[in-house]
Protein chains: 2
Amino acid sequence: MDKDNDLTIRQPVAAKPKIPPPSIFAKPFARSTDPGVVQLLTEDEQAALIAISRVVEFRRHTVIYPEGGRSRFVYNVISGVAETYCLLPDGERRVSSFLFPSDLLGLSENGEYVATAQALTPLTAYKMPFEDLARLVRRDPDLDVVFLCKLCHELRQAERHTVTAIHNDARARVAGFILWLWRSEVTALTDDTTVTLPMLRHDIADYLGLSTEAISRALHQLETGGLIQRRGPRALQLLNIQELRRAAREI
Amino acid sequence: MDKDNDLTIRQPVAAKPKIPPPSIFAKPFARSTDPGVVQLLTEDEQAALIAISRVVEFRRHTVIYPEGGRSRFVYNVISGVAETYCLLPDGERRVSSFLFPSDLLGLSENGEYVATAQALTPLTAYKMPFEDLARLVRRDPDLDVVFLCKLCHELRQAERHTVTAIHNDARARVAGFILWLWRSEVTALTDDTTVTLPMLRHDIADYLGLSTEAISRALHQLETGGLIQRRGPRALQLLNIQELRRAAREI
DNA sequence: CGTGAGTTTGATTCCATTCAATCGAGGTGG
DNA sequence: CCACCTCGATTGAATGGAATCAAACTCACG
């Protein structure tokens, strides 16, 4: 992570110091020694991706790309949080996913983005031209497998989200969401039990299929039960993770 | 489709006549002439897959592979319908997907299947050893792209299912489900407006996050509204597809 | 200090679940 | 061939949880 300067030096465009290299994490498809998520990119692959990338920055609430827009780029989040959403014919908005560092953005269909991507916080990302990436992947079978693994990972996540969101009550959905956020934040390495909610209640509600009021009430319930403590509307303290997991029906 | 005998003749195991070749359909990631789903496999690739496959048959209600089992094979459905489900700690069952001809089965994590796959009807499939498939994919970059496209397609489908299932009421969910089934059946080429439901109400309910009673009531509503007609518990006649799409909030 | 967006709390309504009972089809055995 | 049996589907009545409507509150910001 700290000796990637060798790589970036050759690429002045992405050569700003202390920018972590492109990164794709996933639980591998096949059996491996580490049962958790692992870095799938080798240093060579990271270098190859940097070679076709530009580092781009977005301010809060900026649209990264619009639904239906011509899909020319794929993004690999470096820092910050984004969301994707679709606009329904009747004008309603449907949040389909939240994206964190090392996630990939740019899912498209027939050359058009399937959803609008928007930064929820200041965000930096590697921006890779789709054509170049396709060429690279076609040349390097290992890299291709990386993307296959990542997509399998995303697919499993999506199915899990569906299954849990669809069957659980508001309290369980919110508990699961908090735990997911907690695990998504890179600081999970430390024993930090603080979770920040970079998105509005409205976004959470939409993502979980609830109303903003239901989110509030669920948080209230969890606080009353001693599982969490609210530190302002954007920050939570996890007090009892064991009970939280039970509330989310993970156990 | 009809001249694939040249290929199968070399492979006696899969040489039974009138078995369609391996097949992977998806809307391509990149822009293409045909905006709908297209066959992604070339004849050469079909031949290569046949070379590493065995055709297997399952009777109704047979388990194809169990959740947590060592994942050694990937399946490509030839005919019939399957479902995948997870068992929760409390014994509840959660249907995560239904699989139709040309779909892929065998999603795994760390070498273990993430869900149980079960045949809902008599089912035939190409059974491909994972190792052989991995070798093949690593050798043929084009084939690799095929799987990437298919996975993207599945991911988009999963996100759409989540978004629609989570926000709509019972009537809309059931209407959407019926339309999805209708489009999934290969007979969609003809102007056939009959849909058969190979799964139990319980399975549909689970998949849509409803109760079996709610499914019944939604079907009753749709029938009263003149959108469909029930022909026994397992068959539906679509009377007004335009209205069905509106009911499913697709328009 | 006022302003306004976002969040929280409260009261009512609505929809789906739950519980309970009936209906219907497929299968078995007499 | 028919009565019976069982499982699944359907229908009905009561309950419960979240949406909705409405209002109070909090915090950041000018």
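A note on names: the letters A, B, ... follow the listed sequences, proteins ahead of strands, and every chain is numbered from 1.
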Rounded distance in Å - [atom1] ([X]) to [atom2] ([N]):
| X | N | atom1 | atom2 | value |
| --- | --- | --- | --- | --- |
| His167(A) | dT17(C) | NE2 | C1' | 14 Å |
| Asp206(B) | dT17(C) | CG | P | 11 Å |
| Arg231(A) | dT8(C) | CZ | P | 15 Å |

Could you tell me if Lys127(A) sits above the aromatic ring of Tyr75(A), with its cationic atom closer than 6.0 Å to the ring centre and no more than 45 degrees from the axis?
no

Just by protein heavy atoms under 4.0 Å, how would nucleotides 4-20 of chain D read 5' to 3' in B, S and -?
----SSBBBB----SSB

For the residue pair Ser23(A) / Gln39(A), report whether a side-chain donor-acceptor contact shorter than 3.5 Å exists.
yes

Please tell me whether Trp182(B) and Phe177(B) form a close aromatic pair, meaning their ring centres lie under 6.0 Å apart.
no

Any side chain to side chain donor-acceptor pair (under 3.5 Å) involving residues 94-114 of chain B? Give me the pairs, sequence neighbours left out, ordered by first then second residue.
Arg156(A)-Glu109(B), Arg160(A)-Glu109(B), Ser71(B)-Ser108(B), Thr84(B)-Ser96(B), Thr84(B)-Ser97(B), Glu92(B)-Arg94(B), Asp103(B)-Lys150(B)

Here's a test for you: under side-chain contact (heavy atoms from CB on, under 4.5 Å), which of Thr162(A), Val163(A), Thr164(A) qualifies with Ile166(A)?
Thr162(A)

